[in-house]
Amino acid sequence: IMNDDEDIEESDEEEDVDATGKMESKIGLLELPQIIYCSRTHSQIAQFMNEIKKTVFKDKVRCVVVGSRKTMCINKEVNKPSGSGTGQHQHTDTRLSEICLEMAKHKQKSKKNENTNMSDNVSNKKTVSEVGVGKKRGSRDSTTHTCCSYHQPSSEKTCSDYTLSSIKDIEEVVALGEQLHACPYYSSRRAIQSSNAPHMICVPYNNLIHADIRASLGIKIHPNTVIVIDEAHNLVDSITNIHSSTVYQKHFELASCAI
């Protein structure tokens, strides 16, 4: 009888071990939900991230913060007051974004032209002096903005890795970008799209609710994505502003003259 009881106990233990193993394997297959926290201002996002740093999860959570280009730009030649004297004023978010995109396109165009010239030189076996024949002296590219020296893939990769290593607010990411000579904005974008995906993304309203901006940042909303909206009473106004345009009387006058 004792042997039978021992056999029953051993079989029960084996079943418990099997059940525990299956449960652990199922838990291992569960995909952690990505949390997207958004608020109206960057200061509110900074306050939220400072609160996360006070928790026991501060060393376990991969968190990325993304602000506007204007907020994260460290290129002083771009993010500086325009005009002169008392008429100086800062670029708007829209204008600075346009300048940033123009510089990125100019970089891609320059790289493409450089690769084309190199292939042409090899195929035609031209010397350096021969390549310059036919070009006017002092000729310039018609592009108004040159390439941004901070927009470099290698340095941005390093910056994104450091960004994911610990929780950093916008000011800390900007300081890290200055130290590594890497664009904080594009580094944060790279961190979001990294294979080592962040557990949490902190962004302003506009970066989430505007489809084009959300797509450019690489933010994807999955069925298990958790979206936390702080200060939600301002959300309707933000949506209205995004999809609205202001038309002044002078616009109608110019349009009338053009007809």
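The first residue in the sequence is number 1, and the count goes up from there. Only heavy atoms go into these numbers, but all of them, side chains included; no hydrogens, no water, no symmetry mates.
A salt bridge links Lys54 and Glu51; the closest N-O separation between the charged side-chain nitrogens and carboxylate oxygens is under 4.0 Å.
When all heavy atoms are compared, the tightest approach of Ile167 to Met49 is CG2-CE, 3.8 Å. Heavy-atom minimum distance, Ser187 versus Cys183: OG-O, 2.6 Å. When all heavy atoms of Cys73 and Leu96 are compared, the pair lying nearest together is CB-CD2, 4.2 Å.
Proximity of a side-chain donor or acceptor of Arg189 to a complementary backbone N or O of Gly218 within less than 3.5 Å is not detected.
Taken to the nearest 0.5 Å, the CD atom of Gln44 stands 7.0 Å off from the OH atom of Tyr205. Note: Cys159 SG to Leu176 CG = 4.0 Å, rounded to the nearest 0.5 Å. Taking CG from Leu217 and NE2 from His210, the interatomic distance works out to 11.5 Å, rounded to the nearest 0.5 Å. Here the CZ-CD1 distance, from Arg69 to Ile213, works out to 9.0 Å after rounding to the nearest 0.5 Å. To the nearest 0.5 Å, atoms CD (Gln179) and CD (Glu172) are separated by 12.0 Å. Expressed to the nearest 0.5 Å, how far NZ of Lys58 lies from OG1 of Thr55 amounts to 8.0 Å.
A side-chain contact (heavy atoms from CB on, under 4.5 Å) with Cys63 is found for exactly one of Cys202, Ser166, Pro198, namely Cys202. A side-chain contact (heavy atoms from CB on, under 4.5 Å) with His199 holds for exactly one of Ile35, Val61, Val64; it is Val61.
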Please tabulate, for side-chain N and O atoms in residues 239-248, each donor-acceptor pair with protein atoms closer than 3.5 Å (sequence neighbours left out).
{"from": "Thr240", "atom 1": "OG1", "to": "Val236", "atom 2": "O", "distance (Å)": "2.9"}
{"from": "Asn241", "atom 1": "ND2", "to": "Asp237", "atom 2": "O", "distance (Å)": "3.1"}
{"from": "Ser244", "atom 1": "OG", "to": "Thr240", "atom 2": "O", "distance (Å)": "2.4"}

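When the shell of 6.0 Å around NZ of Lys53 is examined, it contains more than 12 heavy atoms from other residues, nucleotides or ligands.
Both Ile192 and Val65 belong to a common hydrophobic cluster when Ile, Leu, Val, Met, Phe, Trp and Tyr are linked at side-chain heavy-atom distances under 4.5 angstrom.
Not counting sequence neighbours, the partners of Phe48 by the ring pair (Phe, Tyr, Trp, His ring centres under 6.0 Å) test are Tyr37.
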Give the intermediate values and the outcome of side chain to side chain contact (heavy atoms under 4.5 Å, CB included) for residues Ile170 and Ile45. CA-CA 9 Å; Ile170 289 181; Ile45 293 176; 5.6 Å; no
Pair Leu208-Ile201, side chain to side chain contact (heavy atoms under 4.5 Å, CB included): steps then yes or no: CA-CA 10 Å; Leu208 181 67; Ile201 301 173; over 6 Å; no
